[in-house]
There are 2 protein chains.
Amino acid sequence: MYRIGELAKLCEVKADTLRFYEKHGLLAPSSRSDSGYRLYNESDAERLRFILRAKAVGFTLAEITELLSIELDKSNWACADVKGLVDSKLAQVNEKISELNHFQVSLQRLSDACCGGPESAEHCSILEALESNTDNIKCENHAHHHDKSQYTKNCQSKG
Amino acid sequence: MYRIGELAKLCEVKADTLRFYEKHGLLAPSSRSDSGYRLYNESDAERLRFILRAKAVGFTLAEITELLSIELDKSNWACADVKGLVDSKLAQVNEKISELNHFQVSLQRLSDACCGGPESAEHCSILEALESNTDNIKCENHAHHHDKSQYTKNCQSKG
DNA sequence: ATAAACCTTGGAGTTTAATCTAAGGTCAAG
DNA sequence: CTTGACCTTAGATTAAACTCCAAGGTTTAT
């Protein structure tokens, strides 16, 4: 039997987190001591590890609640149900990755267009790109009046 | 001059969003009508578009607040400052992408190991992977006792 | 004059996963 | 018998970016 702090340390979470999981129906200690302390047994610990592994692959606690209810009643669920949860999560993750990839490309383009030097930002390509509605980012090296700018290497926009 | 609903429609946001931006110091109407209605001019609209473009490349409103303060006082900032904001955002985005890529790989591996059929989840590879601490995902086709399983194609784990 | 569509304000609710606080009870060691 | 580490509870707070609500005032058209 583990007290809350012991299980928390064992699984590298905080005691607060375990109380939070209990309040939200994910994990309750199987018993209490006479003085009201939570007591977790090995099977509680296994359940916690299940939760933590599911978190590690990206499931939210709400989704883990679903997984746990299947886990406790496996014979009344099909593989299709379980795989459905995984695939739906996979779709969400892919969508988010795709959004972030758009950000990545846009930010990289902005970064590449800017010399990043000590010049005044008055002609900064980044600010200009955010001011105008074009996707088209202009290189700022000319505007800075540095004929032999040391930053030319940074100009990669197709103006 | 635009009333709040007009500017909202023009820029495809909600009036609530404009009030929210005002409350958070991102965009205030340049005047009010006699009856207290917000009145936005063309320069307010430009500022809103700046905000929206910055959002579209992944900046948070807090970061946009910084960008706006630079934008309004360009000559006292250097390109390095602006590029710094972009690069720091880029690093955050890359980190998040990397985390999601881990999720993606793990979820795909789980999905691939599961037949996804109408079989009982009692031997579901996904649940078994979450129960045990191995990275090693076992294919469930044998466990289902389908000698000529129609799901064999889904088994791709290296058990 | 009255209905519809618009606007005002302050404040509450949403989502996620904790994290923290206050005020107090329990347990083991010295 | 007191100190420190641990535990209890309920409830408040955090971040982010809105979104919605109630209760009322304004504008416009008929």
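Chain naming here is simple, since letters A, B, ... match the order of the sequence lines and numbering starts at 1 in each. Bear in mind that the values here come from a model prediction, so they are computed numbers and not experimental data.
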Against the side chain of B:Asp16, the closest entry in C:dA18, D:dA17, D:dC20 is D:dC20
**Phosphate-side-chain proximity, B:Arg32 and C:dT9, N/O vs OP1/OP2 below 4.0 Å** = yes
**Prompt:** Phosphate oxygens OP1/OP2 of D:dT19: is one of them under 4.0 Å from a side-chain N or O of B:Thr17?
**Reply:** yes
Apply salt bridge (Lys or Arg N to Asp or Glu O under 4.0 Å) to residues B:Glu46 and B:Arg49 and explain how you reach the verdict. CA-CA 5 Å; B:Glu46 265 318 309; B:Arg49 289 189 202 102; 2.6 Å; yes
Phosphate contact (C:dT9 OP1 or OP2) by B:Arg19 side-chain N/O below 4.0 Å: no
Testing D:dT26, C:dA18, D:dA17 for proximity to the side chain of A:Leu61, the answer is C:dA18
Separation of D:dA17 atom P from B:Leu26 atom CG, nearest Å, is 10 Å
Winner on side-chain proximity to A:Tyr37, out of C:dT19, C:dT9, D:dT8, is D:dT8
- prompt: So, is B:Lys23 near the phosphate of C:dG10, with a side-chain N or O under 4.0 Å from OP1 or OP2?
  reply: no
The reported gap from CZ in A:Arg47 to CD in A:Glu71 (rounded to nearest 0.5 angstrom) is 8.5 Å
Judged by nearest nucleotide, the residue sitting upstream toward the 5' end of DNA chain C, B:Arg3 or A:Lys14, is B:Arg3
Please confirm whether the shortest side-chain N or O distance from B:Tyr21 to OP1 or OP2 of D:dC18 is below 4.0 Å. yes
Can you check whether A:Ser33 has a side-chain N or O nearer than 4.0 Å to OP1 or OP2 of D:dC7?
no
Between the OH atom in B:Tyr40 and the CG atom in B:Leu48, the distance rounded to the nearest 0.5 Å is 8.5 Å
Between C:dT8 and B:Arg38, is there an OP1 or OP2 to side-chain N/O distance shorter than 4.0 Å?
-> yes
Among D:dC18, C:dT19, C:dT16, the one nearest any side-chain atom of A:Phe20 is C:dT19
